[in-house]
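Report on the structure given below.
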Amino acid sequence: MSFTRQLSEMSASELNDAIDDTNFPQAHILSRGRNNSVCSTSSTSGTSSLADRALSQPEEPVVPQPGSAVGTPTDELVPSGGATNRPRLILKTNGSIPENDGTQPTTPMTPRTSTTPGHEKCTFHHDLELDHKPPTREALLPDMARSYRLLLGGLGENPDRQGLIKTPERAAKAMLYFTKGYDQCLEDVLNGAVFDEDHDEMVVVKDIEMFSMCEHHLVPFYGKVSIGYLPCNKILGLSKLARIVEIFSRRLQVQERLTKQIAVAVTQAVQPAGVAVVVEGVHMCMVMRGVQKINSKTVTSTMLGVFRDDHKTREEFLNLVNSK
Ligand SMILES: Nc1nc2c(ncn2[C@@H]2O[C@H](COP(=O)(O)OP(=O)(O)OP(=O)(O)O)[C@@H](O)[C@H]2O)c(=O)[nH]1
Ligand SMILES: [Zn+2]
């Protein structure tokens with residue numbers, strides 16, 4: 001049965017479940033062909049004023065009917081009339097995991113279980129991308145180091161030569177670092193830095209450096225992320241936007257999912273009227289191997305709420321992002 005809930009009412013684990021791919025809102029991804037982190041706030045004027053934005057939104061949340069399609073762009077993040085008549089984005093969650101109808105990401109699903117032999121004491125990972133995790137991620141190091149040692153042998157190298165003797169352990173630690181986002185959750189990262197503030201103009205933090213790992217080739221992709229949101233009387237500590245980028249970039253990723261996860265996390269954090277995220281990435285799997293296109297860049301965007309519905313708001317954001 002479908003239902004809507006205010007994100008602020010969700011527990012931390014529910015928030016993380018909601019952000020997971022399995023019931024992830026399908027944000028509309030726009031790719032646009034189009035430099036260190038800059039924060040701007042913007043006073044909107046003319047027809048893209050707050051009042052106009054608010055008026056352009058329906059007053060009541062759209063509650064999908066049972067059996068209606070899950071994951072269509074119009075019914076996942078829905079505006080909700082708040083005390084200020086300001087439409088907030090709320091996240092629709094679904095009690096069950098929907099069938100993959102082709103609109104869902106295809107991250108393999110493994111059931112959460114604590115009965116898997118050898119993992120009885122594992123605490124559940126907060127993210128369904130992993131079915132479990134050991135008590136600490138550092139506990140993975142010996143197994144990972146052994147795997148890297150095998151890999152070195154597979155390459156024809158002598159893992160016991162001086163230069164390589166500590167490489168398996170170093171590589172394992174590096175991989176743990178590259179994927180440390182699996183150990184982070186939104187609530188911890190926010191650390192309560194959500195402030196009541198009578199500010200309803202656009203906030204943009206742009207050019208946030210991002211380093212991630214391509215889930216197809218296990219090689220890095222990197223670039224920059226720009227995030228904008230229109231607050232509804234709640235603002236987020238500025239550094240938390242960059243920390244949200246870290247949570248999701250420090251995992252095995254595809255750029256599209258990364259973009260969407262960041263947008264949804266900001267929505268969860270402050271229930272704004274809208275969120276916009278643009279990611280520009282360079283994929284080393286397209287540079288050092290494969291097609292070897294060293295100058296190509298991939299641009300992905302997620303526009304939610306008023307950024308999606310009101311082209312002037314979207315343009316204002318893109319102008320701020322593209323300005324020097
Ligand atoms: N959509 C998307 N694709 C990605 C991303 N990172 C890597 N890829 C692509 O994943 C695809 C994997 O394709 P495959 O044909 O299975 O693998 P491959 O033989 O290594 O492909 P080539 O890279 O074309 O040599 C490639 O097209 C990559 O460019 C990403 O973030 N998003
Ligand atoms: Zn790749």
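Counting starts at 1 for both ligands and their atoms, following the listed order.
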Between Met213 and Met175, is the side chain to side chain contact (heavy atoms under 4.5 Å, CB included) condition met? List the steps.
CA-CA 10 Å; Met213 296 289 282; Met175 184 55 88; 3.9 Å; yes

Nearest atoms (heavy-atom pairs only) where Leu176 meets Arg137
O-NH2, 3.1 Å

Who's the nearest protein heavy-atom neighbour of atom 6 (N) of ligand 1, and how far?
His283 ND1, 3.4 Å

Ranked by distance from atom 29 (O) of ligand 1, the top protein heavy atom is Met286 CG, 4.0 Å

Taking atom [atom1] of [X] and atom [atom2] of [Y], what is their separation to the nearest 0.5 Å?
X      : Y      : atom1 : atom2 : value
Leu150 : Leu155 : CG    : CG    : 11.0 Å
Glu256 : Thr298 : CD    : OG1   : 8.0 Å
Glu187 : Gln268 : CD    : CD    : 11.0 Å

Side chains of Ser212 and Gln253, donor plus acceptor under 3.5 Å
no

Output, in order, the C-alpha distance, side-chain angles, deciding distance and verdict of side chain to side chain contact (heavy atoms under 4.5 Å, CB included) for Val278 and Met303.
CA-CA 9 Å; Val278 172; Met303 301 285 161; 4.2 Å; yes

Heavy-atom distances under 4.0 Å are what count here, so tell me which part of Arg289 touches ligand 1: side chain, backbone, both or neither.
side chain

I need the contact type for Gln255 against ligand 1. Using non-hydrogen atoms and a strict under-4.0 Å cut-off, is it side chain, backbone, both or neither?
both

Does anything in residues 261-270 pair up under salt bridge (Lys or Arg N to Asp or Glu O under 4.0 Å), and if so which pairs, sequence neighbours excluded?
none

Heteroatoms of the protein, restricted to N/O/S, which lie under 2.8 Å from the Zn ion (ligand 2):
Cys214 SG, His217 ND1, Cys285 SG

Winner among Glu256, His217, Met213, His216 once heavy atoms are compared against atom 17 (O) of ligand 1:
His217

Protein heavy atoms: any of them under 4.0 Å from [atom]?
atom                    : result
atom 20 (O) of ligand 1 : yes
atom 25 (O) of ligand 1 : yes
atom 8 (N) of ligand 1  : yes

Distance under 4.0 Å to a non-hydrogen atom of Cys214: what atoms of ligand 1 satisfy this?
6 (N), 7 (C)

If we number the atoms of ligand 1 from 1 as shown, the ones under 4.0 Å from a heavy atom of Cys285 are 7 (C)

Hey, mind stepping through Tyr222 and Glu209 against side chain to side chain contact (heavy atoms under 4.5 Å, CB included) and telling me if it holds?
CA-CA 8 Å; Tyr222 66 93; Glu209 295 92 344; over 6 Å; no

Criterion side chain to side chain contact (heavy atoms under 4.5 Å, CB included) on Ser226 and Val277, from CA distance to verdict:
CA-CA 6 Å; Ser226 296; Val277 178; over 6 Å; no

Classify the ring geometry of Phe307 against Phe317: parallel below 30°, tilted from 30° to 60°, perpendicular beyond 60°.
perpendicular

